[in-house]
Asks: 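After the structure tokens below, expect a handful of questions from me.
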Amino acid sequence: MFSDQIKDILSNKVWLVTGASGYVGSELCKKIKADYPHIYLIATDVKAPNHHWYDEFITSSLEIPDNEVVQKILTSQIDLVIHLAGVAVEGWCFENPSETCEYNIRAVYILLEAIRKSTYSCSMILSTTDKVYGRDATQIKPYLEDEPLVAKNIYETSKICADLIAQSYYLTYKIPLAIVRFANIYGGLDKNSSRLVPRTIQRLQNGLTPELRLTKGGQEYTRDFIHISDVVEGIIVVAKALLEQKPNIIGEIFNISSGKEYRVRDVLESIISIFKPSEKYIEVEEGVKYLEIVTQCASNNKMKQILGWEPKISLRDGLLMIRNEYGDQLKAGHN
């Protein structure tokens, strides 16, 4: 919970959150309306969300020029745009490269151009991913914000393009913005079966054997996992600093991560031990068609040193929180 002084800084501000129907967008809107009701929150997405954590909702396709959100930015006082919309499932992006570029690249420069042309002062937070670094990383040699970006597949390429376009708008037009790069997020409302935690829980619920996915050559994956609550807090910390117009924030990039490298095997075993201890799992060597990063870990030292933020929820505590949210469904033997 922020101090009263910070709440005063955020008072009477107008925020616009794109992708408000999505995983991170829904959780962020929920947090804002619960803890910062003095913020007037405009939510937007291609369809209305299953929640009402907003003051105003705009249905809009951001990749279309002169869309409704653009008109809102041009004609109204919007203090902050938090851009979370886009596609993030690598397999879908592989199958749909053109649409991926439309959603992940075109939408970004359309928003930035609206902010540039607006007569009102507006800041922006762009969310991307630790996948933009492209290389394998470990806890000993994690991703750092100032290292080169290297693309391997279309998803990573689209996110790098968005990242670099935003940097260019800051450097060229002095748009007050910051970029946040997320590690692997879990917890909360996430039910996306393409991701490890919800997929494993769903398989346990449905009486299916959990699967440990390995590379085609049998190599094990590692990932940097961070709970959604810590991610949302990180976004709000960056937002507050942007609105204060701190010079060491504007134009900067921040990893929002746990800073820890977890073997996917260990995470899978932790999920099983918490949800259904007697269950076994199988190993599946199923290489994907697109090039995939095998080991990942992102440093969060910059967030700690500049903004005083650090994750609060351990992986085990985060998984226990999910179990509590599911209640006794598994024990009852029904979905």
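Just so you know, these numbers come straight off a predicted model, no measurement behind them. This chain uses plain numbering: 1 for the first residue, then up along the sequence.
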Asks: Can you tell me how far apart CD (E156) and OG (S158) are? Round to the nearest 0.5 Å.
Replies: 9.0 Å
Asks: Under a 3.5 Å distance rule, please check whether D45 uses its side chain to pair with a backbone N or O of S21 as donor and acceptor.
Replies: yes
Asks: Using a cut-off of 6.0 Å, state whether more than 12 heavy atoms not belonging to K117 lie near its atom NZ.
Replies: no
Asks: Given 3.5 Å as the limit, does a donor-acceptor pair link the side chain of T59 with the main chain of V46, or not?
Replies: no
Asks: Given side chains that start at C-beta, do those of E279 and L204 come closer than 4.5 Å, heavy atoms only?
Replies: yes
Asks: Apply side chain to side chain contact (heavy atoms under 4.5 Å, CB included) to residues N255 and Y133 and explain how you reach the verdict.
Replies: CA-CA 11 Å; N255 291 334; Y133 296 109; 2.7 Å; yes
Asks: Is there a donor-acceptor pair under 3.5 Å between the side chain of S61 and the backbone N or O of E63?
Replies: no
Asks: If we ignore angles and hydrogens, is there a donor and acceptor under 3.5 Å between the side chains of N153 and E90?
Replies: yes
Asks: Taking side-chain hydrogen bond (donor to acceptor under 3.5 Å, both in side chains) as the criterion, tell me which of R265, E292, R263 meets it with Y221.
Replies: E292
Asks: Would a distance-only check, ignoring hydrogens and angles, find a side-chain to backbone donor-acceptor pair under 3.5 Å from T129 to R181?
Replies: no
Asks: Would a distance-only check, ignoring hydrogens and angles, find a side-chain to backbone donor-acceptor pair under 3.5 Å from T222 to E261?
Replies: no
Asks: For the OG atom of S258 and the CG atom of N184, what is their distance to the nearest 0.5 Å?
Replies: 9.5 Å
Asks: Does the side chain of F254 reach to within under 4.5 Å of the side chain of I306, using non-hydrogen atoms?
Replies: yes
Asks: Hey, is NZ on K304 packed in by over 12 heavy atoms from elsewhere, all under 6.0 Å?
Replies: yes
Asks: Under the side chain to side chain contact (heavy atoms under 4.5 Å, CB included) test against L196, which residue among V264, I201, L212 passes?
Replies: V264
Asks: Quick check: are there more than 12 heavy atoms from other residues, nucleotides or ligands sitting under 6.0 Å from CD of Q77?
Replies: yes
Asks: With a 4.5 Å cut-off on side-chain heavy atoms, are V81 and C122 touching?
Replies: yes
Asks: Within the supplied structure, the quantity of interest is the number of heavy atoms (other residues, nucleotides, ligands) at a distance under 6.0 Å from L171 CG; does it exceed 12?
Replies: yes
Asks: Just by modelled atom types, is the K13 backbone N or O under 3.5 Å from a matching donor or acceptor in the D79 side chain?
Replies: no
Asks: Check this for me, if you would: do D55 and K33 make a salt bridge, where the nitrogen-to-carboxylate-oxygen distance has to be below 4.0 angstrom?
Replies: yes
